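A quick note: this is a predicted structure, and the numbers were derived from the prediction, not measured. All values below come from the heavy atoms of this structure, side chains included, with hydrogens, waters and symmetry mates left out.
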Amino acid sequence: MSTKTFPHLMSEGRIGPMTTPNRIVLPAMDMNVSEGGEIEQSEIDHYASRATGGAGLIITGACAIAFPYGAASMKEPGLSDDKFIPGIKALADAIHAAGSKLCIQSTHHGKVARVDTANDRPVFAPNQPDYSYSMGALADCTPEELAKMGAATAGKKISYHEMTKEDIDWLITSWADAAERVAKGGADALEIHVAHGYILGVFLNQRDNLRTDEYGGSLENRARLACEVIAAVKERVGDKLALLVRVSGEEYGQEGALSLPESIEASKMFEAAGADAIHVTGWGRNPFDNFTDGPLPNKVGAYLENAAEIKKHVSIPVIAVGRMLPEISEKAIAENKVDFAAMSRQLLADPELPNKLREGKFDQVRPCINCYLCVGENFFDDTPFCAVNPALGNEKLLPPKPASASKHIVVIGSGPSGMESARVLTERGHRVTLIDKADRLGGTMWFSTMTTPDNERLLRWLKSELKRLRVAVKLNTPATVDTIRALNPDHVIVATGAVRPKPDMPGGDLPNVQTGDTLRAMMLGTATAEEAGLVLSTMGKMGRLSGLTKSPEFVRQFTKYWLPMGKNVVVIGGSLVGLELAEFLAERGRKVTLVHEKQQLGLPLAMPRRWTAVKDNLEHGVQIHRNVTVDRITQKTVEFTVNGEAMSASADMVVYADGTTAAAPVADELRTAGFSVDVVGDAGAVNYIHGAIHSAWEATVSL
């Protein structure tokens with residue numbers, strides 16, 4: 001067990017009149033379950049779970065001050081009527097019972113108020129916008145996804161209403177009224193949203209705000225509306241609520257976006273107007289192009305330095321968000337860079353994160369793998385789900401019920417579905433033996449860490465959990481009827497993963513053609529001569545290297561300097577595996593051509609990550625061809641047709657990243673031999689890590 005401690009992160013904090021038990025904040029993430037604006041029990045359960053898990057301050061998803069006007073969703077909590085107070089009170093009572101504090105995030109969504117658009121109302125804006133966003137990324141959305149996104153606005157076209165002084169006065173009064181309702185509901189704090197393209201945020205930046213009156217022009221004028229809202233709220237609720245202000249330390253992706261120097265000056269104005277804390281975020285201005293710049297970044301500690309710079313210029317606490325991992329957060333607070341750390345997706349993945357840190361169980365924290373499946377659901381006005389935490393949105397599933405009778409269960413395959421099965425079964429009281437034919441745990445996930453480093457966090461956690469739970473692990477052990485019979489199990493879980501055959505096309509059996517399975521075998525040093533083909537002698541060296549060090553990080557870094565394959569690589573198949581593998585090879589100096597038979601790349605990656613992966617491939621020089629028919633493979637080329645035009649690409653190596661198929665022949669053999677069997681993960685249905693974890697959970701929680 002880890003003995004790492006987090007004394008600064010776990011110390012008591014203070015924001016205005018509010019004291020928090022620690023410095024961990026759950027920032028706002030929309031759950032989209034409050035039908036008609038009223039907070040429902042499932043939303044209370046979600047936040048209460050994070051409070052019970054030890055988070056010091058719980059901030060709700062965005063709540064509309066004038067609901068349904070200015071709302072992004074009809075499932076968003078409302079603050080516009082006294083009828084919403086009981087829901088706030090029920091939530092506050094649940095949070096307080098768990099020992100945490102509650103902050104309600106308040107906003108008017110302005111130009112992104114989808115409910116207004118759906119109801120033929122013009123959206124509020126400082127002025128008519130003079131630009132449009134690039135929508136090219138939508139080329140990688142399926143027709144079904146586009147239809148779901150359009151359903152949120154009923155296919156209506158956005159129209160804009162340039163706010164008058166009367167509109168501004170109404171907005172300020174509505175915000176103060178909303179704050180009063182929050183105070184009556186027993187919450188501890190209110191967060192005023194001045195970022196992410198919502199109304200106060202667009203007034204603040206000079207790219208959106210082109211006004212020439214007292215609310216436009218200079219930074220002081222552009223910050224005026226936010227300052228007047230802050231002052232009005234402060235006057236109305238006084239010290240009944242701590243007042244947080246969320247602002248982008250920086251905006252990305254468009255000239256004229258808010259800069260850090262402007263954000264610093266604005267934060268000083270917000271403090272003078274009555275703010276008790278500044279919550280520093282970031283915003284990628286085009287959600288279809290640079291969403292992962294902000295508000296949900298790829299980079300660890302993405303906005304920390306901006307938050308630290310703002311802290312130098314204000315005397316109130318500063319909260320940093322943006323992949324603030326515990327070790328980053330502890331160091332930042334210890335060095336007085338910030339005062340609080342907001343952890344969003346991490347607390348979705350593991351609600352118990354704060355308690356585990358307090359108890360010195362850092363290695364038991366289930367990690368977020370930064371896959372964006374949770375936030376991708378917001379594009380559809382739907383409820384988030386988590387790849388690694390099947391209980392997100394249904395917290396009553398935790399903890400799994402103890403088994404009524406302990407059984408001996410053999411799990412075949414140590415990929416994510418196998419390890420998760422072994423973990424859950426052992427937690428429930430079963431005796432588990434985990435076997436794998438390889439020399440290491442991880443299965444395909446070990447190989448996936450080469451292209452997706454965040455997967456290594458999950459791999460380390462699962463391995464650590466198996467060790468903590470003392471699961472019996474037998475590596476280098478092929479699964480046959482005889483080996484399973486020798487173990488005498490009561491039940492068998494088959495988690496052997498998918499099958500990746502060579503392509504059924506002219507030249508598909510040539511020795512320069514590799515699949516995900518053969519590449520993995522070569523990386524592990526287990527490839528047969530037939531599997532490795534022409535590259536056995538060179539890639540075999542890589543296999544021996546990975547055998548010496550089973551650290552994916554070492555191999556990942558080493559291959560940046562030495563990767564024994566030819567200069568030209570063609571990847572056939574642009575789904576999840578092909579897209580990530582193409583970028584991996586291009587980063588290592590290979591000239592990569594990616595050909596895909598369909599229009600959409602990156603399926604089934606969540607949309608934000610998919611858009612980013614396509615963009616990153618192009619920036620690394622990958623030549624991408626969509627809607628391709630591959631005609632044949634030769635020893636030096638891949639020949640294909642696009643829209644009737646014959647084309648070819650040089651290929652020292654061809655990687656076939658298509659045709660992944662679920663198959664579990666050993667399961668059929670075992671059933672024939674009389675064993676009770678379940679199949680999980682890609683062996684049953686190809687859904688990658690999300691499918692692996694969720695199918696393992698479903699198969700094991702009731703066994």
Side-chain angles (χ1 to χ4, degrees), residues 26-35 37 39-40 42-43 46-47 50 59-64 67-68 70-78 105-118 123 133 135 137-138 140-142 144-154 158 191 193 195-198 201 246 248 281-298 321-323 342-349 368 370-387 389 392-393 602 604-612 690:
L26 173 72
M29 289 193 71
D30 297 333
M31 295 304 295
N32 300 321
V33 294
S34 294
E35 296 286 351
I39 294 175
E40 297 190 0
S42 61
E43 189 148 16
H46 165 73
Y47 292 121
R50 274 75 201 163
I59 305 179
T60 64
C63 301
F67 185 92
S73 168
M74 287 302 292
K75 304 173 187 176
E76 175 180 353
Q105 186 185 83
S106 60
T107 193
H108 184 294
H109 290 276
K111 66 176 185 174
V112 291
R114 294 188 295 189
V115 173
D116 287 342
T117 297
V123 297
Y133 289 137
M135 308 293 278
L138 296 183
D140 289 304
C141 292
T142 65
E144 293 76 16
E145 288 171 334
L146 293 172
K148 286 176 70 177
M149 281 193 280
T153 53
I158 299 175
E191 181 167 80
H193 209 318
H196 299 177
Y198 304 158
R246 197 172 210 205
S248 293
T281 178
W283 183 39
R285 291 179 55 85
N286 182 352
F288 304 110
D289 182 57
N290 63 337
F291 182 87
T292 54
D293 288 333
L296 291 148
N298 279 326
V321 72
R323 299 201 72 190
M343 304 178 189
S344 51
R345 288 169 284 172
Q346 294 170 82
L347 285 167
L348 298 190
C368 164
N370 200 39
C371 68
Y372 290 96
L373 282 173
C374 56
V375 297
E377 294 303 296
N378 275 320
F379 287 93
F380 309 133
D381 195 25
D382 213 341
T383 305
F385 63 89
C386 178
N389 177 14
L392 176 62
L605 289 166
M607 290 191 305
R609 186 172 165 209
R610 183 191 317 164
W611 301 332
T612 302
H690 159 247

List the atom of [X], the atom of [Y], and the distance in Å for their closest heavy-atom pair.
X    : Y    : value
A387 : L373 : CB-CD1, 3.8 Å
D381 : S73  : OD1-OG, 2.5 Å
A606 : C371 : CB-O, 3.6 Å
P608 : F379 : CG-CE1, 3.7 Å
N370 : P297 : OD1-O, 3.8 Å

Are the side chains of [Y] and [X] in contact, using a 4.5 Å heavy-atom criterion?
X    : Y    : result
T117 : V123 : yes
M31  : P384 : yes
E145 : F380 : yes
R323 : R345 : yes
C141 : W611 : yes

Could you tell me if R610 sits above the aromatic ring of Y372, with its cationic atom closer than 6.0 Å to the ring centre and no more than 45 degrees from the axis?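 No, R610 does not lie over the aromatic ring of Y372.
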
Would you check if the side chain of [X] reaches a backbone N or O of [Y] as a donor-acceptor pair within less than 3.5 Å?
X    : Y    : answer
E76  : A64  : yes
S106 : E191 : yes
R50  : L347 : yes
K75  : D382 : no
D30  : A62  : yes
N389 : L348 : yes

Gap separating the [atom1] atom of [X] from the [atom2] atom of [Y], nearest 0.5 angstrom:
X    : Y    : atom1 : atom2 : answer
D116 : H108 : CG    : NE2   : 6.0 Å
L392 : M29  : CG    : CE    : 8.5 Å
T107 : R246 : OG1   : CZ    : 10.5 Å
M149 : R114 : CE    : CZ    : 10.0 Å

For residues 281-289, run the donor-acceptor check on the side chains, cut-off 3.5 Å, and write out each pair with its distance to 0.1 Å, sequence neighbours left out.
residue, atom, partner, partner atom, Å
T281, OG1, H196, NE2, 2.9
R285, NE, Q254, OE1, 2.6
R285, NH1, D208, OD2, 3.2
R285, NH1, E251, OE1, 3.0
R285, NH2, Y131, OH, 3.0
R285, NH2, D208, OD1, 3.4
R285, NH2, D208, OD2, 3.1
R285, NH2, Q254, OE1, 3.1
N286, OD1, F288, N, 2.9
N286, ND2, S134, O, 2.8

Mind checking what makes side chain to side chain contact (heavy atoms under 4.5 Å, CB included) contact with A118, not counting sequence neighbours?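 For A118, no residue satisfies side chain to side chain contact (heavy atoms under 4.5 Å, CB included) once neighbours in sequence are set aside.
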
Does a side chain donor of either T383 or N32 reach within less than 3.5 Å of an acceptor in the other side chain?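 Note: T383 and N32 side chains miss the donor-acceptor criterion.
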
Side-chain donor-acceptor pair under 3.5 Å between E43 and S34, yes or no? yes

Residues C63, I39; criterion side-chain contact (heavy atoms from CB on, under 4.5 Å); working and verdict: CA-CA 10 Å; C63 301; I39 294 175; 5.7 Å; no

Aromatic plane relationship, Y198 with H193 - under 30° parallel, 30 to 60° tilted, over 60° perpendicular: perpendicular

T142 and M607: CA distance, side-chain angles, deciding distance, side-chain contact (heavy atoms from CB on, under 4.5 Å) verdict: CA-CA 10 Å; T142 65; M607 290 191 305; over 6 Å; no

Salt bridge (charged side-chain N to carboxylate O under 4.0 Å, His left out) with D140: which residues, sequence neighbours excluded? R626

